[in-house]
Amino acid sequence: MTTHASARTPIGVATLRDIIPDDVERIVGYWHDGGADLAFLGIDPVLLGTREETRQRFVRAIRTGAPDQPTLACAIAVEGSLAGYTLLNRYAPETNYSHWHIIEPGFRAAGLSSALYPHRIKMYFDLAPITRLIHQTRTRNLGVNRMLDKYVAIAETQYVEHPDGVAGPGQFHIRYVFAHQVPALFEAAARLGGRAQ
């Protein structure tokens with residue numbers, strides 16, 4: 001298990017590390033035991049599938065080191081405790097989608113996503129041969145959009161019939177991040193007062 005980055009946050013040191021099988025079970029529980037607000041997130045139950053289908057999706061996302069691995073997942077931990085995860089779905093050098101969820105309620109709205117954002121994006125570009133990342137966020141998800149507004153402007157807002165992942169159709173903000181922009185993300189974090197390690 002590799003730790004890819006860490007950052008100080010108001011609730012302790014947060015890290016990004018490879019997920020392990022024990023994390024997979026916690027993530028499955030988030031999706032299938034009531035932790036995720038499926039209606040607010042706009043999840044399509046058919047695309048989400050069964051517990052076992054979710055489990056297998058994340059088992060396949062455990063990093064192997066293969067340069068062509070289509071899906072990579074990393075854990076978000078705070079002082080060693082699993083707080084959430086981030087997922088990269090890869091399709092082509094310029095078509096790659098990022099997802100992240102804080103699965104433990106006690107860690108939500110604590111600044112983790114803001115503090116880790118530059119590290120998370122750098123990690124994607126370091127781990128996979130991609131040139132562009134796409135964020136698709138539902139327009140009603142104000143918290144996530146406020147966090148992203150600190151770093152990346154909205155390129156367009158549109159109805160997406162088939163969004164990435166297990167979401168159903170809806171209105172989404174679309175943002176693009178390129179590898180050459182990573183240093184600017186860390187500069188933005190410094191202006192916001194974040195301290196990276």
Side-chain angles (χ1 to χ4, degrees), residues 1-9 11-38 40-91 95-130 133-137 144 147 163-168 196-197:
M1 176 178 65
T2 300
T3 297
H4 300 284
S6 65
R8 295 190 202 288
T9 77
I11 58 172
V13 175
T15 58
L16 291 167
R17 61 164 174 79
D18 291 339
I19 64 166
I20 58 175
D22 285 350
D23 298 328
V24 170
E25 295 311 310
R26 298 269 300 280
I27 294 167
V28 170
Y30 166 74
W31 285 109
H32 292 275
D33 295 335
D37 185 341
L38 301 181
F40 176 74
L41 295 172
I43 301 304
D44 181 331
V46 174
L47 293 175
L48 178 62
T50 65
R51 292 181 76 93
E52 185 56 26
E53 288 169 330
T54 300
R55 181 177 292 109
Q56 289 308 312
R57 274 197 301 276
F58 283 94
V59 166
R60 288 191 300 271
I62 294 174
R63 194 169 66 90
T64 65
D68 59 348
Q69 186 174 355
T71 303
L72 301 170
C74 287
I76 300 166
V78 177
E79 299 293 340
S81 295
L82 182 68
Y85 73 90
T86 181
L87 186 73
L88 175 66
N89 288 334
R90 298 175 50 208
Y91 303 98
T95 309
N96 308 279
Y97 294 88
S98 161
H99 301 270
W100 70 99
H101 295 269
I102 303 301
I103 67 173
E104 291 297 329
F107 291 123
R108 293 182 188 145
L112 293 178
S113 294
S114 292
L116 287 173
Y117 181 79
H119 299 282
R120 186 164 59 87
I121 301 308
K122 180 179 185 300
M123 178 183 70
Y124 296 148
F125 286 110
D126 286 348
L127 293 179
I130 64 173
L133 180 71
I134 304 169
H135 293 308
Q136 282 180 337
T137 55
V144 166
M147 185 279 291
D164 188 61
V166 295
Q197 288 186 340

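Heavy-atom basis, side chains included; hydrogens, waters and symmetry copies ignored.
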Mind checking side chain to side chain donor-acceptor pair (under 3.5 Å) for Arg55 and listing every partner two or more places apart, or none if nothing turns up?
Glu25, Glu52
Using 0.5 Å steps for rounding, measure from the CD1 atom of Ile121 to the OG atom of Ser98.
5.0 Å
Show every salt bridge (charged side-chain N to carboxylate O under 4.0 Å, His left out) that has at least one partner inside residues 102-121, sequence neighbours left out.
Arg26-Glu104
Could you tell me which residues satisfy side chain to side chain donor-acceptor pair (under 3.5 Å) with Asp44, sequence neighbours excluded, listed by chain and number?
none
Non-hydrogen atoms of Pro163 and Gly168 that approach each other most closely:
CG-O, 3.0 Å
Between Thr95 and Ile134, which heavy-atom pair has the shortest distance, and what is it?
CA-CD1, 4.2 Å
What one should report as the nearest heavy-atom pair of Ala167 and Leu47 is O-CD1, 3.6 Å
With sequence neighbours left out, write down each residue that passes ring-ring contact (aromatic ring centres under 6.0 Å, His included) with Phe125, or none if nothing qualifies.
none
What orientation do His101 and Tyr30 show, parallel under 30°, tilted 30 to 60°, or perpendicular over 60°?
tilted
Side chain of Gln56, backbone of Glu53: donor and acceptor closer than 3.5 Å?
no
Does the side chain of Thr9 come within less than 4.5 Å of Leu116's, by heavy atoms?
no
Any donor-acceptor N/O pair, Gln136 side chain to Asp164 backbone, under 3.5 Å
yes
Value rounded to 0.5 Å, distance of CG in Leu38 from CG in Leu48
6.5 Å
Of all heavy-atom pairs linking Arg51 and Asp33, the shortest is NH1-OD1, 2.6 Å
Suppose we screen for side chain to side chain donor-acceptor pair (under 3.5 Å). Which residues come up paired with Asn96, at least two apart in sequence or across chains?
none
For residues 80-88, which side-chain donor-acceptor pairs fall under 3.5 Å, sequence neighbours excluded?
residue: Tyr85; atom: OH; partner: Trp31; partner atom: NE1; Å: 3.0
residue: Thr86; atom: OG1; partner: His99; partner atom: O; Å: 3.1
residue: Thr86; atom: OG1; partner: Tyr124; partner atom: OH; Å: 2.2

So which atom in Val144 and which in Trp100 form the shortest heavy-atom distance, rounded to 0.1 Å?
CG1-CZ2, 3.6 Å
Are Val28 and Val24 packed together at the side-chain level, in the sense that at least one heavy-atom pair is separated by less than 4.5 angstrom?
yes
Sequence neighbours excluded, which residues qualify as side chain to side chain donor-acceptor pair (under 3.5 Å) partners of Thr137?
Asn145
Are any non-hydrogen side-chain atoms of Asp23 and Arg17 less than 4.5 angstrom apart?
yes
Salt bridge (charged side-chain N to carboxylate O under 4.0 Å, His left out): pairs with one or both residues in residues 61-88, sequence neighbours excluded
Asp18-Arg63
Under the 3.5 angstrom rule, does the side chain of Thr2 hit a backbone N or O of His4 as a donor-acceptor pair?
no
Using side-chain heavy atoms (C-beta onward) and a distance below 4.5 Å, is Arg60 in contact with Thr71?
no
Rounded at 0.5 Å granularity, tell me how far OG in Ser113 sits from CD1 in Ile76.
6.0 Å
Those residues at least two apart in sequence (or on a different chain) that pass side-chain contact (heavy atoms from CB on, under 4.5 Å) with Thr15 are Thr3, Ser6, Val13, Ala77
For Arg57, what residues pass the salt bridge (Lys or Arg N to Asp or Glu O under 4.0 Å) criterion, not counting sequence neighbours?
none
Which pair of heavy atoms, one from Ala115 and one from Ala7, lies closest together, and at what distance?
O-CB, 3.9 Å
Separation between CD of Gln69 and CG of Leu127, rounded to the nearest 0.5 Å
9.5 Å
List for me each residue that meets side-chain contact (heavy atoms from CB on, under 4.5 Å) alongside Asp37, sequence neighbours excluded, and say none if there are none.
Ala39, Phe40
